[in-house]
2 protein chains.
Amino acid sequence: MTHSDPQPVFRALADPTRRAIISMLAHGARPIGDIADGFDVTRPAIAKHLRILEEGGVITVEAKGRERINRLNPEVLKTAADWLSYFDQFWDDRLAKLKEAVENKND
Amino acid sequence: MTHSDPQPVFRALADPTRRAIISMLAHGARPIGDIADGFDVTRPAIAKHLRILEEGGVITVEAKGRERINRLNPEVLKTAADWLSYFDQFWDDRLAKLKEAVENKND
DNA sequence: TTTATATGAAACCTTATGGTATTATGTCAA
DNA sequence: TTGACATAATACCATAAGGTTTCATATAAA
């Protein structure tokens, strides 16, 4: 319904390292150092990914002392999911029927 | 369940022109020329996008005389949708409840 | 107040990306 | 068979992406 531009989100999702970071942050907010420890690449590389995630609104960064806490902002991912949801009809009849059933019963 | 690598699909989805091509092909298969007519960029540019879509399995190309019909393969998009579906829990409680209700009643 | 720690920032490199213009090839139609 | 048409292929270009190393800065702890 909000129909906002999915481009920054799809851009953020395009890299496997960024998707892994997103998955990691789904389990809790973390500073850069902790994130970088989980990957082969250097911390500056992770910092660049975090910047792109932040630009896309996928994460927010909160300064806390000398640390900077990176927190997932999962609602933004809905922008991409919404774009893809149009194609539900092509692969999942059951979901369409389910949605229909619910719309008739509840709302 | 299939759990295949979403990388080629997310790559295909990363460009706005490619997403527009996907949307266009959702309404029916078309040859390159027809597709290119709908965009500002040149045909070789569209051809490159189609190549990336084909590499990602998002479209299939069928030679038909001197034309080459580009056909959407929408099931592949499910790979990306599945990856994103993990985050449903963060933004949509209703869907979770719905799923639960269905699992209790049907299967 | 040193010293260690967490991060930012700059400079640089290689390859991918998205685009162009031009030329070649295969197929249909007159 | 010749001409028109649909597309492929090639060469080229500018910028973005993803990575590195090195250096600077701010905060916490000794």
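Each chain gets a letter, A, B and so on, in the order its sequence line appears, and its residues count up from 1.
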Donor-acceptor under 3.5 Å (B/Glu54 side chain, B/His49 main chain): no

Worksheet entry | Mutual orientation of the aromatic rings belonging to B/Phe10 and B/Trp83 [parallel < 30°, tilted 30-60°, perpendicular > 60°] | perpendicular

For the residue pair A/Phe39 and A/Ile21, establish whether any side-chain heavy-atom pair is separated by less than 4.5 Å.
yes

Between B/Ile32 and A/Ile46, whichever has its closest DNA chain D nucleotide further toward 5' is B/Ile32

| Would you find a donor on one side and an acceptor on the other, under 3.5 Å apart, between the side chain of B/Arg30 and the backbone of B/Met24? | yes

Side-chain donor or acceptor of A/Asn73 paired with backbone N/O of A/Val58 under 3.5 Å:
no

Between protein and nucleotides 28-30 of chain D, what N or O pairs are separated by less than 3.5 Å?
none

Query raised in the report: Is any side-chain nitrogen or oxygen of A/Arg68 closer than 4.0 Å to OP1 or OP2 of C/dG8?
Result: yes

| message | So, OP1 or OP2 of C/dT20: does either fall under 4.0 Å of a side-chain N or O from B/Thr42? | response | yes

### Task
Please answer whether the main-chain N or O of B/Ala12 pairs with a side-chain N or O of B/Arg18 as donor and acceptor at a distance below 3.5 Å.
yes

side-chain contact (heavy atoms from CB on, under 4.5 Å) between A/Val61 and A/Leu50: does it pass, once the steps are laid out? CA-CA 9 Å; A/Val61 185; A/Leu50 290 172; over 6 Å; no

Problem set entry | Touch class at under 4.0 angstrom, heavy-atom based, for A/Pro44 against every strand present | base

* Does A/Arg51 make a side-chain N or O approach to OP1 or OP2 of C/dG8 shorter than 4.0 Å? -> no

Separation of C/dA6 atom P from A/Arg30 atom CZ, nearest Å, is 16 Å

Winner on side-chain proximity to A/Glu67, out of D/dA9, C/dG8, C/dA6, is C/dA6

Using the 3.5 Å cut-off, write out each protein N or O paired with an N or O of nucleotides 15-18 of chain D and the distance between them.
from	atom 1	to	atom 2	distance (Å)
D/dA17	OP1	A/Arg11	NE	3.1
D/dA17	OP1	A/Arg11	NH2	3.4
D/dA17	OP2	A/Arg11	NH2	3.1
D/dG18	OP1	A/Asp15	OD1	3.3
D/dG18	OP2	A/Arg18	NH1	2.9
D/dG18	OP2	A/Arg18	NH2	3.4

Original post:
Is a donor on one side and an acceptor on the other found under 3.5 Å between the side chain of A/Glu67 and the backbone of A/Ile32?
Top reply: no

Rounded to whole Å, the CZ-P distance (B/Phe39 to C/dT20) equals 13 Å

Whole-Å distance, B/Leu50 CG to D/dA8 P, equals 8 Å

Using a strict threshold of under 4.0 Å (side-chain N to carboxylate O), is an ion pair present between B/Glu62 and B/Arg68?
no

